[in-house]
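In the text below, chain A, chain B and the rest are named by the order of the sequence lines, each starting its count at 1.
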Protein chains: 2
Amino acid sequence: MQADSAVASLGALAQEHRLALFRMLVQAGEGGMAAGMIAEKLGVPNSSLSFHLTQLREAGLVLQERQHRSIIYRANYPAMNALVAYLMENCCAGAADCGVGAACEAPAQERKSA
Amino acid sequence: MQADSAVASLGALAQEHRLALFRMLVQAGEGGMAAGMIAEKLGVPNSSLSFHLTQLREAGLVLQERQHRSIIYRANYPAMNALVAYLMENCCAGAADCGVGAACEAPAQERKSA
DNA sequence: GCCTCATTTCGAGAAAACTAAAAATGAGAT
DNA sequence: ATCTCATTTTTAGTTTTCTCGAAATGAGGC
């Protein structure tokens, strides 16, 4: 993960509707959700939602796929995991525990463009 | 963690200089770094850096403390962990594994023993 | 008590992001 | 081939963010 793609991902998530949208997809699992359904659940106009979906897609956080008449979006879990790993890389100057939970870990072995 | 504080945290991280700064502090550990040292390492004017530090502090991602003439900043690890947990909450519609790594887990309070 | 120096606040200009109606697209259905 | 409908693109206006020099602040040192 590179700095600018991390900034892009974080920027994509740093917005009320997009964060709610992404979490919805994260919780929806591999099945994903249709764009129209998302717009309805979020109470956002279609054109606005499309703008936000594009932001998330360009950041690499969601994937899209046509299914009949709808377009299904789903969370890109590897991208999410890579982002989190980037944030926590080389955490805590080598201390074993960063104070809370197990989240702060040594760098996951760098995988090629997840 | 609530939606708006997550948005605030993500927005704080969604900026080239602030992301570099936060990662620097994450890697620096509990010892932290002085504001001036950070500005120098990042190659950013003091006034700009102060703006960014304020963003991160108001988002709750960094803590500040006076030490002699300098002000020491350090990463707020619990806040970082809470943010990550919020992103991944109820991940994957109950599937055991989100496809990559170990990052995608059940909500924090029900953490399984390693 | 005054001086020094690290840091923050102020101010204004430039750039980027959000919103949403209206028009366009294009895959499926008939 | 044509129609339909879900979705995206366009467009324009509003709001927010970023930048950084100059001035102000305030804790420590002298």
Side-chain angles (χ1 to χ4, degrees), chain A residues 3-25 28 31-76, chain B residues 3-25 28 31-76:
Chain A
D4 23 343
S5 87
V7 168
S9 293
L10 290 163
L13 293 172
Q15 209 279 334
E16 178 189 355
H17 297 317
R18 288 197 299 266
L19 180 57
L21 159 44
F22 181 71
R23 295 209 331 138
M24 225 162 119
L25 292 181
M33 295 178 67
M37 171 68 92
I38 298 169
E40 188 185 335
K41 289 239 178 194
L42 290 181
V44 169
N46 271 352
S47 61
S48 296
L49 180 84
S50 187
F51 169 77
H52 292 306
L53 279 169
T54 298
Q55 303 287 115
L56 284 167
R57 184 171 45 74
E58 286 181 353
L61 287 169
V62 305
L63 305 169
Q64 68 181 176
E65 179 190 354
R66 179 151 223 125
Q67 214 169 94
H68 304 287
R69 272 185 168 165
S70 298
I71 296 187
I72 303 295
Y73 283 86
R74 55 198 172 79
N76 185 349
Chain B
D4 31 347
S5 88
V7 168
S9 293
L10 291 164
L13 293 172
Q15 209 279 335
E16 178 190 354
H17 297 316
R18 288 198 296 267
L19 180 56
L21 160 44
F22 181 72
R23 295 209 332 135
M24 225 161 118
L25 292 181
M33 294 178 67
M37 171 68 91
I38 298 170
E40 187 185 335
K41 287 240 179 196
L42 290 180
V44 169
N46 272 352
S47 60
S48 296
L49 180 83
S50 187
F51 170 77
H52 291 307
L53 279 169
T54 298
Q55 302 289 115
L56 285 167
R57 184 171 46 75
E58 286 181 352
L61 287 169
V62 305
L63 306 168
Q64 68 181 178
E65 178 189 355
R66 178 152 224 123
Q67 214 169 91
H68 304 286
R69 272 183 168 165
S70 298
I71 296 186
I72 303 295
Y73 283 85
R74 57 198 171 80
N76 185 349

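- Leu42(B) is linked by a side chain to side chain contact (heavy atoms under 4.5 Å, CB included) to Ala20(B), Leu21(B), Met24(B), Ile38(B), Val44(B), Leu49(B), counting only residues two or more places apart in sequence or in another chain.
- As rounded to whole Å, 11 Å separates atom P of dT8(C) from atom CD1 of Ile72(B).
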Footprint string (nucleotides 21-30 of chain C, 5' to 3'): B base within contact, S backbone only, - free, heavy atoms under 4.0 Å = BB----SBS-
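- Annotation: the terminal axes of the helix from dG1(C)-dC30(D) to dT30(C)-dA1(D) meet at 30°, where each axis is the rotation carrying the C1' atoms of four end pairs onto the next four (5 pairs per end, rounded to 10°).
- Of the candidate nucleotides dT9(D), dC18(C), dT9(C), dT9(C) has the atom lying nearest to any side-chain atom of Thr54(B).
- Shown for residues 15-22 of chain A: no residue has heavy atoms falling under 4.0 angstrom of DNA chain D.
- Taking 4.0 angstrom as the limit, His52(A) places none of its side-chain polar atoms (N or O) nearer than this to OP1 or OP2 of dA17(C).
- By the side chain to side chain contact (heavy atoms under 4.5 Å, CB included) test, Ala6(A) is found to be paired with Met1(A), Leu83(A), Tyr86(A), Leu19(B), residues two or more places apart in sequence or in another chain being considered.
- When each of Ala35(B) and Val44(A) is assigned the nucleotide of DNA chain C with its nearest heavy atom, Ala35(B) is the one assigned upstream, toward the 5' end.
- One finds the CZ atom of Phe22(B) at 5.0 Å from the CG atom of Leu61(B) (value rounded to the nearest 0.5 Å).
- Less than 4.0 Å separates DNA chain D from no heavy atom of any residue of residues 57-65 of chain B.
- Between the P atom of dA6(C) and the CE atom of Met33(B) lies a distance of 15 Å, rounded to the nearest Å.
- Distance check: Ile71(A) CD1 to Arg66(A) CZ gives 4.5 Å after rounding to the nearest 0.5 Å.
- Considering only residues two or more places apart in sequence or on other chains, Arg74(A) meets the side chain to side chain contact (heavy atoms under 4.5 Å, CB included) condition with Glu30(A), Leu63(A), Glu65(A).
- Residues Leu56(B) and Leu13(B) meet the side-chain proximity criterion, which asks for heavy atoms closer than 4.5 Å.
- Heavy atoms of Ser70(A) sit under 4.0 angstrom from primed sugar atoms or phosphate atoms, though from no base atom.
- As a whole-Å value, the separation of Leu42(B) CG from dC20(D) P is 13 Å.
- Taking the side chain as every heavy atom from C-beta outward, Met33(A) and Ile72(A) never approach each other to under 4.5 Å.
- Residue pairs that meet the salt bridge (charged side-chain N to carboxylate O under 4.0 Å, His left out) test with at least one member in residues 41-64 of chain A, sequence neighbours left out, do not exist here.
- Between Tyr73(A) and dA6(D) there is no side-chain N or O to OP1 or OP2 distance below 4.0 Å.
- For the pair Leu53(A) and Phe51(A), the minimum side-chain heavy-atom distance is 4.5 Å or more.
- Annotation: side chain of Pro45(A) is in contact with side chain of Ser48(A) (closest heavy-atom distance under 4.5 Å).
- For residues 6-21 of chain A, the side chain to side chain donor-acceptor pair (under 3.5 Å) pairs, not counting sequence neighbours, are Arg18(A)-His52(A).
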